[in-house]
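Take a look at the structure set out below.
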Number of protein chains: 2
Amino acid sequence: MRKTILIVSDGLGDRPIEEFKGLTPLEKAKTPNMDHLAKNGITGLCHTINRGIRPGSDTSHLSLLGYDPEEFYHGRGPFEAAGIEMELKHGDVAFRGNLGTVDKNLKILDRRAGRIPDTTGFIKELNGMEIDKVKFFLKPGTAHRVGIVMRGKGISHKVSTNDPHVEGEQVMKIKPLDKSKEAKFTASVLEKFTAKVHDALKKNPLNDERKKKGLPEGNYLLVRGAGYVAKTPTFFERYNLKAACIAGAGLYKGIAKMVGMQILNVKGATGLPTTDVEAKIRNAVNALDKYDFVFVHIKATDNLAEDGDFQGKKEFIEKMDKAFSKLKFVDALTVITADHSTACSEKKHTADPVPILIHGKGVRVDSVESFGERACSRGSLGHFRGLELMPEIINILGMSELYGA
Amino acid sequence: MRKTILIVSDGLGDRPIEEFKGLTPLEKAKTPNMDHLAKNGITGLCHTINRGIRPGSDTSHLSLLGYDPEEFYHGRGPFEAAGIEMELKHGDVAFRGNLGTVDKNLKILDRRAGRIPDTTGFIKELNGMEIDKVKFFLKPGTAHRVGIVMRGKGISHKVSTNDPHVEGEQVMKIKPLDKSKEAKFTASVLEKFTAKVHDALKKNPLNDERKKKGLPEGNYLLVRGAGYVAKTPTFFERYNLKAACIAGAGLYKGIAKMVGMQILNVKGATGLPTTDVEAKIRNAVNALDKYDFVFVHIKATDNLAEDGDFQGKKEFIEKMDKAFSKLKFVDALTVITADHSTACSEKKHTADPVPILIHGKGVRVDSVESFGERACSRGSLGHFRGLELMPEIINILGMSELYGA
């Protein structure tokens, strides 16, 4: 059995930077290791969703892993919940939550309750609450964040948020987003739920302590990103590959968990520019003993670009490249790409295609000699869609089923 | 808000010409301005409908503007009618008409009534006619041409023409093209309509005058190109861009009007090789003060190729290029392409992809240094479909919606 490492550098693709004389951060960065892999591999450009479609990180990862977001993506909530290892069942509706601060008139004073460091003591007693035969599960995320899962009959993810996203505004009423009775029911249950939660939080003694310290109370649960848990075949069921994931940020662990990958926690993997890329790659290579497919996610390229920090992005790419040194010698198919471009000039995701290289036995090594947006546009893979990546990998591995005879 | 100029040179793409030592007219022509834009822009090849599909000018323009012809194209008639500024409503059925000459036995003597210069006096009294509760609106087009719009309940565009397209043959009976009762009804109403029109035209005193002068009478209305008016969102509704169109020929104005663009009439814009391209470009650039998106159509490249006049096509391309001089300095995204190829060797549209360049802030300038069919095949845009152009433009402008989160 051949092995595969898939490395996704979030938001790696970019646009020309004037200060780099029209080069992108990836083109400007010194990347001898990625260049080596590109030179000895096959390259191309990937439209992770489709041409001209500006991908979110969730939909684009599903697509790269071969799960059509049209079928498997029904809102962000479930992926965030999965990322903090909440149990999810087909039919559940999940949300991203924030513990926030409101005044007596439900005006939002702080969307994050002063970036409260831990919500455990606030939500413990709320976990398992049942309203109109719908069960609510809550679990603390990082800092002020809370994962929320609804389980019950006749519920829908077609409901609005109660979070106006602006402080000083009123908490919004949760409304059904379509005319189904399920959406109407879900909105009404959620309204009851948030009111009950508000009552309970107001009485929580932890808030008395916070008040004494002059800190904003954690007295309201803001919910958003309603998502429906689709029936999702595991990666193993789809590809017959035992898969694992190494990621710092929750969302990517969540996506991996949702498709049944084993999450491997690596010390120093933070999802931040200071993350230990070297440790992630070392662990990924070691994991090949036990797994057929290791998906490594690296977040910082995206965050730096969203800050417009092209110099930081370039430097982080160079740091990443150093960590990729050992990939030159690993006996595995090595795929390096991005989930989308993030343009430093726009400070946001763009629909510009991302460069991709595939290195390993069997690929038709092309004449491209470096890893970059424009170099890869001349690669033998040409332009292709994110959903086509896994079939391509499975083909190179020699594991594709025959169509016809 | 960033601005965009989209220039469509009709039938610009071509095949190798022996007399040009295997170069195409575009490759043979001296085009320093387009080459400059290509060199400092991103290039590619566009299949305006799809690979191997030979595009009409109507369907390909819809596609380039982001309107899937499968959804929005139901026959040519409405676009021609819109091009002469007839009012159209969703559900109408429209036709292209010719005022022709028939003998007593309805044998066609002249399909264009001697290219009669103006039909106004012939059709004025017919406009507004009602048959079986279906209203008919008529408006003079250029010379012998007449726009015809049917409005009423239960009508269909699935009806045949009465025009055999060959002189000396009999006018054909209009027949339903499917088994629906709407098609049957429409064919029967049209038969009554053309008979009534024939009766009225025979009695029109203008025909007595023509007879005296020995000119063929305008005594029959030939109808073709039956088309259904689909519910079409405006360009502004789709893209949030205020759009205008500069074109000489009616069809292109019609398409632009159908998607709610403002038609800007430019003196000297004729749709012929003698057209004032410079005036069109100057007006387009000026229009950017008021509009976000200006679509400029240039017809002559197609006509010359349909005549097999490769030398004329090459020379017209050079004339066009001179007019493009000021585009090098305009602060807008500039897109130059074609709606389809027209091969001088074939004297007709072909499905060969068309070259495209996109010049302006944010594009990943590629290594292509000239504008031509083969040069652009090495461009970073690769091969893409016409329907993908608008999403690509919207992406470059930074206006794409996020898919996912």
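Letters A, B, ... mirror the listed sequences (proteins, then strands); counts begin at 1.
A donor-acceptor pair under 3.5 Å is formed between the side chain of B/Arg364 and the backbone N or O of A/Asp14. Side-chain atoms of A/Arg374 come within 3.5 Å of backbone N or O of B/Val365 as a donor-acceptor pair. Of the possible donor and acceptor atoms, none in the side chain of A/Arg54 sits under 3.5 Å from a partner among the backbone N and O of B/Gly398. Not a single donor-acceptor pair under 3.5 Å links the side chain of A/His383 to the backbone N or O of B/Phe384. In this structure, B/Asn395 contributes its side chain and A/Ala351 its backbone to a donor-acceptor pair below 3.5 Å.
The residue among A/Gly225, A/Gly382, A/Pro353 with the most heavy atom pairs within less than 4.5 Å of chain B is A/Pro353. With chain A as the partner, the residue from B/Ile42, B/Asp366, B/Leu381 showing the most heavy-atom pairs under 4.5 Å is B/Leu381. Between chain B and the residues A/Thr350, A/Leu62, A/Thr59, the largest count of heavy-atom pairs under 4.5 Å involves A/Thr59.
Here A/Arg378 contributes atom CZ and B/Ser380 contributes atom OG; the two are 7.0 Å apart, rounded to the nearest 0.5 Å. Here the CD-NE2 distance, from B/Glu388 to A/His47, works out to 7.5 Å after rounding to the nearest 0.5 Å. Atom CD of residue A/Glu346 and atom CD1 of residue B/Ile396 lie 10.5 Å apart, to the nearest 0.5 angstrom. In this structure, the separation between CD1 on B/Ile394 and CD1 on A/Ile53 is 11.0 Å, given to the nearest 0.5 Å. Atom OG of residue A/Ser60 and atom CG of residue B/Leu402 lie 9.0 Å apart, to the nearest 0.5 angstrom.
Counting heavy atoms of neighbouring residues, nucleotides and ligands inside a 6.0 Å radius, atom NZ of B/Lys326 exceeds 12 of them. B/Glu401 CD: 12 or fewer foreign heavy atoms inside a 6.0 Å radius. Around the NZ atom of A/Lys348, the shell of radius 6.0 Å holds more than 12 heavy atoms that belong to other residues, nucleotides or ligands. Atom CG of A/Asp307 has more than 12 neighbouring heavy atoms from other residues, nucleotides or ligands inside a 6.0 Å radius. Atom NZ of A/Lys347 has 12 or fewer heavy atoms from other residues, nucleotides or ligands within 6.0 Å.
The shortest distance between side-chain heavy atoms of A/Pro16 and B/Lys361 does not fall below 4.5 Å. In this structure, A/Glu70 and B/Tyr403 have side chains that are in contact, with non-hydrogen atoms separated by less than 4.5 Å.
Between A/Arg76 and B/Ala405 the shortest heavy-atom distance is NH1-C, 2.8 Å.
Contacts between A/Ser63 and chain B at a heavy-atom distance below 4.5 Å are absent for every atom of the residue. Neither the backbone nor the side chain of A/Glu80 comes within less than 4.5 Å of any heavy atom of chain B.
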